[in-house]
Amino acid sequence: MAKCIVNNHSKGQKTVGIYTMRLVPIDKFDDEACENMMAASNEDLVPYIDGLLECLQDLNWPIAGPVSERLSKLGVELVEPVLDVLNSDDDVWKYWIVSHFLYQVEKEIFQLLRFKLNSIKLHPTKGEVDEEVHDVVCELLLARKTA
């Protein structure tokens with residue numbers, strides 16, 4: 001079973017009073033964590049962005065849609081973690097981030113990522129071509145041309 005790897009920041013949990021709420025799904029069927037995440041404030045989610053982005057490594061996972069939707073509501077704190085993904089060697093993860101998630105982010109966030117996306121468009125790696133990252137980057141840049 002595929003799992004989202006949680007960062008070490010309180011193991012993806014937030015303590016509220018005497019209750020501990022899991023904000024980062026522990027597997028691809030963790031609806032409880034998704035419900036908690038949807039109800040959490042942006043400030044509560046910031047420490048868990050890396051773990052939540054890992055849940056977008058396969059958009060076929062049931063948790064991917066809710067995680068993507070909720071993460072897209074965050075602000076500039078998304079930029080560095082998303083750049084880490086785009087600068088990684090995980091071309092499949094890049095594909096999912098570009099083909100789905102980056103359509104959802106706010107215009108300001110997209111603008112801050114545009115330079116890296118243009119770099120992939122102009123100088124794709126072999127892996128980015130093989131995994132169709134280059135294609136989806138070109139489509140995204142065209143679709144969000146005015147963004």
Side-chain angles (χ1 to χ4, degrees), residues 1-14 22-147:
M1 177 180 297
K3 289 193 176 202
C4 294
I5 300 167
V6 180
N7 63 18
N8 289 332
H9 190 278
S10 301
K11 297 188 177 169
Q13 299 178 345
K14 175 169 177 57
R22 190 173 57 258
L23 299 176
V24 178
I26 56 173
D27 63 43
K28 64 184 178 180
F29 301 107
D30 191 350
D31 294 331
E32 180 183 344
C34 285
E35 289 173 17
N36 294 339
M37 174 200 60
M38 294 300 252
S41 71
N42 286 356
E43 182 179 271
D44 288 339
L45 293 179
V46 168
Y48 308 108
I49 291 173
D50 291 334
L52 290 166
L53 280 172
E54 289 178 10
C55 295
L56 305 183
Q57 289 177 322
D58 187 337
L59 266 285
N60 293 307
W61 294 344
I63 58 162
V67 170
S68 181
E69 178 186 334
R70 182 62 185 91
L71 268 180
S72 71
K73 306 287 189 251
L74 298 179
V76 295
E77 55 275 348
L78 279 173
V79 174
E80 287 303 318
V82 170
L83 282 172
D84 289 343
V85 174
L86 295 177
N87 287 320
S88 76
D89 293 332
D90 191 334
D91 296 314
V92 173
W93 192 6
K94 287 184 217 181
Y95 175 87
W96 290 120
I97 293 294
V98 173
S99 68
H100 183 76
F101 180 65
L102 293 184
Y103 280 90
Q104 297 177 303
V105 299
E106 298 294 326
K107 178 179 179 178
E108 174 188 12
I109 306 314
F110 182 76
Q111 290 295 358
L112 293 169
L113 297 168
R114 187 180 287 279
F115 181 81
K116 177 59 183 174
L117 295 167
N118 277 321
S119 176
I120 293 172
K121 176 183 174 182
L122 297 173
H123 308 288
T125 65
K126 180 181 181 329
E128 289 167 345
V129 172
D130 291 347
E131 293 298 334
E132 300 177 4
V133 176
H134 176 259
D135 295 339
V136 294
V137 164
C138 292
E139 291 169 14
L140 174 67
L141 289 168
L142 184 61
R144 294 202 67 172
K145 184 169 48 176
T146 60

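Note that the numbering runs from 1 along the sequence shown for the chain.
- Contact record, A64 with L56: O-CD2, 3.4 Å, taken as the closest heavy-atom pair.
- With rounding to the nearest 0.5 Å, the separation of CG in L141 from CZ in R114 is 6.0 Å.
- Between P62 and P66 the shortest heavy-atom distance is O-CD, 3.5 Å.
- When atom types are taken as modelled, the side chain of R144 and the backbone of L102 share a donor-acceptor pair closer than 3.5 angstrom.
- No side-chain heavy atom of D130 sits under 4.5 Å from any side-chain heavy atom of D91.
- Atom CG in L45 sits 7.0 Å away from atom CG in L71 (nearest 0.5 Å).
- Surrounding NZ of K116 are more than 12 heavy atoms belonging to other residues, nucleotides or ligands, all under 6.0 Å away.
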task = Report the C-alpha distance between N42 and K73 in whole Å, list the side-chain angles of each, state the deciding distance to 0.1 Å, and finish with yes or no for side-chain hydrogen bond (donor to acceptor under 3.5 Å, both in side chains).
result = CA-CA 8 Å; N42 286 356; K73 306 287 189 251; over 6 Å; no
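- For the side-chain contact (heavy atoms from CB on, under 4.5 Å) criterion with I120, the lone passing option out of N87, L140, V137, T125 is V137.
- Shown here for L112 and V76, the closest heavy-atom pair between the two residues is CD1-CG1, 3.9 Å.
- The minimum heavy-atom distance linking P25 with C55 is given by the pair CD-SG, 3.9 Å.
- At a threshold of 4.5 Å between non-hydrogen side-chain atoms, the residues V92 and D58 do not count as touching.
- Between the CG atom of D90 and the CD atom of E131 there is a distance of 9.0 Å, given to the nearest 0.5 Å.
- Using modelled atom types, one side-chain atom of R70 and one backbone atom of A40 make a donor-acceptor pair closer than 3.5 Å.
- In this structure, CD1 in I97 is found 13.5 Å from OH in Y103, a value given to the nearest 0.5 Å.
- E132 approaches Y95 most closely through the heavy-atom pair O-CD1, 3.9 Å.
- At a threshold of 4.5 Å between non-hydrogen side-chain atoms, the residues V82 and F101 count as touching.
- The shortest distance between side-chain heavy atoms of L53 and D84 does not fall below 4.5 Å.
- In this structure a side-chain-to-backbone donor-acceptor pair under 3.5 Å is present from E77 to G75.
- At least one side-chain heavy atom of E80 sits under 4.5 Å from a side-chain heavy atom of L83.
- No more than 12 heavy atoms of other residues, nucleotides or ligands shown are found within 6.0 angstrom of CG on D89.
- Between V98 and the choices V136, D135, L113, the side-chain contact (heavy atoms from CB on, under 4.5 Å) rule is met once, by V136.
- If you take CZ on F115 and CG on L86, they are separated by 13.0 Å, rounding to the nearest 0.5 Å.
- In this structure, M37 CE and E69 CD are separated by 8.0 Å, a value rounded to the nearest 0.5 Å.
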